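Below are the structure tokens for one structure; questions will follow.
What you see below is based on every heavy atom in this structure, not just the backbone, and it leaves out hydrogens, waters and symmetry mates. Note that the structure is a prediction, hence the values are computed from the model and not measured.
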Amino acid sequence: MFTFPTAPRFIQSIGLALVVGLGVMGCQPAGEQDGSLSQEPPVDAMDITVSIPPQQYFLEKIGGDLVRVSVLVPGNSDPHTYEPKPQQLAALSEAEAYVLIGLGFEQPWLEKLKAANANMKLIDSAQGITPLEMEEHDHGHGEEKGHDDHGHHDHESEKETGMGAVMVVDPHIWLSPTLVKQQATTIAKGLAELDPENREQYEANLATFLAELEQLDQELRQVLEPLPQRKFIVFHPSWAYFAQDYNLEQIPIEVEGQEPSARELKQLIDTAKENNLTVVFGETQFSTKSSEAIAAEIGAGVELLDPLAADWSSNLKSVAQKIANANSPQP
């Protein structure tokens, strides 16, 4: 679960020079962390903080040099166990907005974010998006296409239903080009509210980005539509929205954040054999132990997918190609 250490009481009164110095140590722009090609914006750019690196990609497409974007969780970290540092909270005192993934992703530490900067605007990028429900299921049979079938209680959101039951929802909305169109529109609106003088620039950048998203969607469909096999095995269930977009079916190894039992492991292996699945997809932020165990049993290889890559568009193209290579008929 995302957890924060107790925020120091002096955060609100910390000096500007210290905030700037700590900002370099803490909420660094993702481009400085991973070598991406982000250009340093002007000194009068708005300071915006986001949760994960793909969001920086969206913000810079829409905000251009009008924004300076910092990322809370580095792309090489497991978001479920990462503990943002006190200096990152201090750096937030200078942020003009925080763009939430939403759907409960930031819920465990949202109050501390607000306490760090009461004047910071919160932009919920999940506004208007209907989340997928995550339900436990038998790995071998009856999966519903495109749906993530296990709740991960470390950061997936639990919401009360009308009958008093708890629904666990999937927050990985940034991995769907279709849903990113909605997120981008919400982000552009939020930036324009903060900076109305540049509304036309945000709207123009948004239009360009939406066209790029449409082109990306078409490229991904060309790669994935011809596949005779629509299933793929993943360690962590991050790819339900991506699967929904492209009529695929992810089969997750994890069950509610836990590695599979012996019975569940056998079901996974049987499913892989029945469907001639020759690749098990791990993730760069997690151990590959279970992925390697299943792969060894079925004579498959292990490939890594990265749901947090900063170069979001290129990464999704890479993911699509890896799935296509794994599911294409072997000679």
Measure across Leu103 and Pro171 and return the closest heavy-atom pair with its distance rounded to 0.1 Å. CD1-CA, 4.0 Å
Got Glu212 and Leu216 here, is their nearest side-chain heavy-atom distance under 4.5 Å? no
Rounded to the nearest 0.5 Å, what's the gap from NZ on Lys231 to CD on Glu274? Could you check?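 With rounding to 0.5 Å, NZ (Lys231) is 7.5 Å from CD (Glu274).
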Do any N or O atoms from the side chain of Asp47 and from the backbone of Ala95 form a donor-acceptor pair under 3.5 angstrom?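 Absent.
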Could you tell me whether the side chains of Glu106 and Ser51 share a donor-acceptor contact shorter than 3.5 Å? yes
Count I, L, V, M, F, W, Y as connected when their side-chain heavy atoms are under 4.5 Å apart, and connections chain through other members. Are Leu265 and Ile253 then in the same cluster? yes
Tell me if the NZ atom of Lys189 is crowded by more than 12 foreign heavy atoms within 6.0 Å. no
If you define the side chain from C-beta out and look only at heavy atoms, does anything of Asp245 sit under 4.5 Å from Leu224?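 Asp245 does not reach Leu224 side chain to side chain.
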I need the Arg230 CZ to Ile323 CD1 distance, nearest 0.5 Å. 10.0 Å
When rounded to the nearest 0.5 angstrom, what distance separates CG in Leu66 from CG in Asn198? 4.5 Å
Please determine whether the number of non-hydrogen atoms from other residues, nucleotides or ligands lying under 6.0 Å from atom CD of Gln127 exceeds 12. no
ILVMFWY network linking Val302 to Ile251, side-chain heavy atoms under 4.5 angstrom: no
Would Ile129 and Gln183 count as a side-chain contact (heavy atoms from CB on, under 4.5 Å) if you check the C-alpha gap in whole Å, the side-chain angles of each, and the deciding distance to 0.1 Å? CA-CA 8 Å; Ile129 292 176; Gln183 294 167 68; 3.8 Å; yes
For Phe242, all residues meeting ring pair (Phe, Tyr, Trp, His ring centres under 6.0 Å), sequence neighbours excluded: Trp239, Tyr246
Any side-chain heavy atom of Leu113 within less than 4.5 Å of one from Leu89? yes
Quick one: do Leu308 and Trp174 satisfy side-chain contact (heavy atoms from CB on, under 4.5 Å)? Show the steps, please. CA-CA 9 Å; Leu308 300 180; Trp174 67 90; 3.9 Å; yes
Check whether any side-chain N or O of Thr278 sits under 3.5 Å from a backbone N or O of Ala300 as a donor-acceptor pair, and report yes or no. no
Heavy-atom side-chain proximity of Thr49 to Ser70 below 4.5 angstrom: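 Yes. Closest side-chain heavy atoms under 4.5 Å.
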With rounding to the nearest 0.5 Å, note down the distance linking CG in Leu191 to CD in Glu96.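 Rounded to the nearest 0.5 Å, the CG-CD separation comes out at 10.5 Å.
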Euclidean distance, Leu220 CG relative to Leu213 CG, rounded to 0.5 Å: 10.5 Å
If every non-hydrogen atom of His236 is compared with every non-hydrogen atom of Glu283, which pair is closest and at what distance? O-OE2, 3.4 Å
Heavy-atom pair of closest approach, residues Ser238 and Leu175: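 In this case the closest contact between Ser238 and Leu175 is O-CD1, 3.2 Å.
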Where Ser125 and Gln55 come nearest, the two heavy atoms and their spacing: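 Ser125 and Gln55 have their closest heavy atoms at OG-NE2, 4.4 Å.
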Ser176 side-chain N/O to Ile173 backbone N/O, donor-acceptor pair under 3.5 Å: no
For the residue pair Asn117 / Tyr98, report whether a side-chain donor-acceptor contact shorter than 3.5 Å exists. no
I'd like to check Gln321 versus Val223 (side-chain heavy atoms, cut-off strictly below 4.5 Å). Are they in contact?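 Sidechains of Val223 and Gln321: in contact.
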I'd like to check Phe232 versus Leu277 (side-chain heavy atoms, cut-off strictly below 4.5 Å). Are they in contact? no
Could you work out, with ring pair (Phe, Tyr, Trp, His ring centres under 6.0 Å) as the rule, every residue matching Phe209, not counting sequence neighbours? none
Please give me the minimum heavy-atom distance between Gln250 and Val234, naming the atom from each residue.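 Taking Gln250 first and Val234 second, the nearest heavy atoms are OE1-CG2, 3.5 Å.
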Distance alone, cut at 3.5 Å: any donor-acceptor contact between the side chains of Gln218 and Gln222?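 Note: Gln218 and Gln222 side chains miss the donor-acceptor criterion.
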Are any of the side-chain heavy atoms of Thr178 and Tyr241 separated by less than 4.5 Å? no
Could you go through Gln244 and Leu132, starting from their C-alpha distance and side-chain angles, then the distance that decides it, and tell me whether this counts as side-chain contact (heavy atoms from CB on, under 4.5 Å)? CA-CA 10 Å; Gln244 178 176 254; Leu132 294 178; 3.3 Å; yes
Would you call Met46 and Asp195 a side-chain contact if the rule is heavy atoms closer than 4.5 Å? yes
Is there a side-chain contact (heavy atoms from CB on, under 4.5 Å) between Gln182 and Thr186 once you walk through the steps? CA-CA 6 Å; Gln182 290 182 250; Thr186 299; 5.5 Å; no
At what distance, to the nearest 0.5 angstrom, does CG of Leu210 lie from OG1 of Thr185?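 Leu210 atom CG to Thr185 atom OG1 measures 5.0 Å (nearest 0.5 Å).
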